[in-house]
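Worksheet: the structure to be examined is printed underneath.
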Amino acid sequence: MSDKKRVLLGMSGGVDSSVSALLLKQQGYEVVGATLELYAGSSCCNKDTYLDAKNVCNSLDIMHFTYNYKEEFQKYVIDDFICNYANCKTPNPCIECNKFLKFGLMYEKAKELGCDYIATGHYAKIEYSEKYGRHVIRKSNAGNKDQSYVLWSIPKEVVKHIVFPLSDFESKEEIRKIARDNELKVANKPDSEDICFIPDGDYKKFLEEKAKFSPKVGNIVDKAGNILGKHTGLYRYTIGQRKGLGIAHVTPLYVVGFNKKKNELIVGEESELYTKEFMVYDVNFLVFDKLEGELKVNVKTRYSSKEYKAVILPEQNNVKVIFDEPQKAITAGQSAVFYIDDIVIGGGKIM
């Protein structure tokens with residue numbers, strides 16, 4: 001690069017962000033490493049995290065800072081997570097963390113430090129689009145590891161200030177090889193797959209111990225209101241769940257809904273899990289300011305699911321999604337993300 005741009009890189013101590021530091025430096029950026037303290041004892045926020053990040057920065061001769069955002073993480077991510085489960089929704093905490101912490105507070109910190117850009121080890125692309133007249137988020141080349149789904153909530157004005165160094169890589173093994181070839185000590189460090197603040201994956205125990213949820217037994221009913229059994233607390237179930245219902249029935253039954261007021265878990269046959277239309281709230285569009293009319297898009301409703309053809313249209317402050325064909329297990333609290341080709345148009349939370 002002819003003029004050396006300064007970039008603040010979020011570093012978790014893992015191989016993705018460590019290789020990102022290396023690549024950015026090779027590309028001529030002046031790199032500043034930043035590790036966010038978010039939650040004591042989490043998989044991405046512990047003594048090893050800070051040491052690994054700092055050691056990588058030392059080995060690459062770049063500055064490294066640690067910032068304490070535990071209070072903000074509690075407010076924006078954990079409290080939201082707890083509130084969702086208290087209201088029979090199934091949240092994706094990465095969405096809030098990206099919006100408020102990784103691309104919110106970190107962008108403010110970047111400006112304080114005189115950085116032109118912020119960067120992370122996400123698998124996604126930022127490119128200028130002639131069609132939309134602005135920088136857009138696109139899918140990476142990483143196939144199943146593409147992370148564009150969790151980036152829809154980023155403030156649109158920040159997008160042009162983001163760099164994703166891993167956008168063109170197709171596999172994690174390529175990243176690990178770069179780390180090994182450059183003698184980065186985190187080359188073989190395992191990935192963190194679970195919710196970072198629930199490293200053992202037991203969200204029910206987390207809600208009971210940290211948020212003082214107490215199991216409140218209630219009826220399991222079908223849509224007609226017939227009592228079929230007992231549940232052990234609504235927060236312990238999610239839409240589409242089949243196992244653990246404790247009901248003997250002639251056909252398999254699945255969780256299809258909740259009645260919080262009556263403390264009832266509603267079950268039904270697999271056919272009752274399919275939905276053709278639903279509402280989305282807390283909407284953020286990245287390529288325009290407002291949805292003016294009907295728009296054909298592809299919609300993804302879970303990180304691990306496929307995209308399906310749909311039409312979206314404005315309805316007051318929300319968006320209505322109408323699939324071409326009914327889709328299974330649309331779950332309140334999860335994100336619906338809208339794509340045209342490989343560009344993230346925007347997204348919102350399922351009502």
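Numbers here are sequence positions counted from 1.
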Using side-chain heavy atoms (C-beta onward) and a distance below 4.5 Å, is [X] in contact with [Y]?
| X | Y | answer |
| --- | --- | --- |
| Thr238 | Val255 | no |
| Trp152 | Phe285 | no |
| Lys172 | Asp16 | yes |
| Pro314 | Leu291 | yes |
| Tyr339 | Val344 | yes |
| Phe338 | Val319 | yes |
| Phe169 | Ile178 | yes |
| Tyr117 | Tyr29 | yes |

For the residue pair [X] and [Y], does the interplanar ring angle fall in the parallel (under 30°), tilted (30 to 60°) or perpendicular (over 60°) class?
| X | Y | value |
| --- | --- | --- |
| Phe213 | Tyr235 | perpendicular |
| Tyr303 | Tyr149 | perpendicular |
| Tyr203 | Tyr85 | parallel |

Could you tell me whether [X] and [Y] have a side-chain N and a carboxylate O separated by less than 4.0 Å?
| X | Y | answer |
| --- | --- | --- |
| Lys160 | Glu127 | no |
| Lys125 | Asp168 | yes |
| Asp116 | Lys111 | no |
| Lys349 | Glu96 | yes |
| Glu112 | Lys109 | yes |
| Asp342 | Arg138 | yes |
| Lys320 | Glu277 | yes |
| Lys185 | Asp52 | no |
| Glu209 | Lys204 | no |
| Lys328 | Glu270 | yes |

Answer yes or no: are there more than 12 heavy-atom neighbours, outside [X] itself, under 6.0 Å from its atom [atom1]?
| X | atom1 | answer |
| --- | --- | --- |
| Asn144 | CG | no |
| Lys102 | NZ | no |
| Glu173 | CD | yes |

From [X] [atom1] over to [Y] [atom2], what is the distance, rounded to the nearest 0.5 angstrom?
| X | Y | atom1 | atom2 | value |
| --- | --- | --- | --- | --- |
| Tyr67 | Leu36 | OH | CG | 9.0 Å |
| Leu207 | Ser214 | CG | OG | 11.5 Å |
| Leu295 | Phe288 | CG | CZ | 5.5 Å |
| Asn141 | Asp146 | CG | CG | 9.0 Å |
| Asp222 | Leu265 | CG | CG | 11.5 Å |
| Ile126 | Ile162 | CD1 | CD1 | 4.5 Å |

Would the distance check show the side chain of [X] and the main-chain N or O of [Y] forming a donor-acceptor pair, the cut-off being under 3.5 Å?
| X | Y | answer |
| --- | --- | --- |
| Tyr50 | Ser12 | no |
| Glu183 | Asp181 | no |
| Lys276 | Gln327 | no |
| Arg176 | Lys189 | yes |
| Asp200 | Asp202 | yes |
| Gln147 | Tyr123 | yes |
| Asn182 | Leu184 | no |
| Thr331 | Gln334 | no |
| Glu264 | Lys260 | no |
| His231 | Asn263 | yes |

Answer with yes or no whether the hydrophobic clustering places [X] together with [Y]; edges join I, L, V, M, F, W, Y residues whose side-chain heavy atoms lie under 4.5 Å apart.
| X | Y | answer |
| --- | --- | --- |
| Val299 | Met351 | no |
| Val267 | Ile330 | no |
| Leu151 | Ile195 | yes |

### Query
Looking at Phe81, does the NZ or CZ of Lys210 lie under 6.0 angstrom from its six-membered ring centre and within 45 degrees of the ring axis?
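Ring-cation test returns no.
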
### Query
Within 45° of the six-membered ring axis of Tyr39 and under 6.0 Å from that ring's centre, is NZ or CZ of Lys70 located there?
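Relative to the ring axis of Tyr39, which defines the angle, Lys70 lies outside at least one limit.
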
### Message
Aromatic contact between Phe323 and Phe278, with the criterion being ring centroids under 6.0 Å apart: yes or no?
### Response
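Close enough - the centres of the two rings lie under 6.0 Å apart.
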
### Message
Taking side chain to side chain contact (heavy atoms under 4.5 Å, CB included) as the criterion, tell me which of Val163, Val158, Val32 meets it with Ile118.
### Response
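Among Val163, Val158, Val32, the one meeting side chain to side chain contact (heavy atoms under 4.5 Å, CB included) with Ile118 is Val158.
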
#### Entry: Sole candidate of Val150, Asn284, Val77 that passes side chain to side chain contact (heavy atoms under 4.5 Å, CB included) when paired with Ile95
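With Ile95 as partner, Val150, Asn284, Val77 yield a single side chain to side chain contact (heavy atoms under 4.5 Å, CB included), made by Val150.
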
### Query
After noting the C-alpha distance and the side-chain angles of Lys223 and Glu269, does the key distance pass the salt bridge (charged side-chain N to carboxylate O under 4.0 Å, His left out) rule?
CA-CA 10 Å; Lys223 282 190 173 177; Glu269 296 183 12; over 6 Å; no

### Any donor-acceptor N or O pair under 3.5 Å, side chains Thr35, His64
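A donor-acceptor contact under 3.5 Å links the two side chains.
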
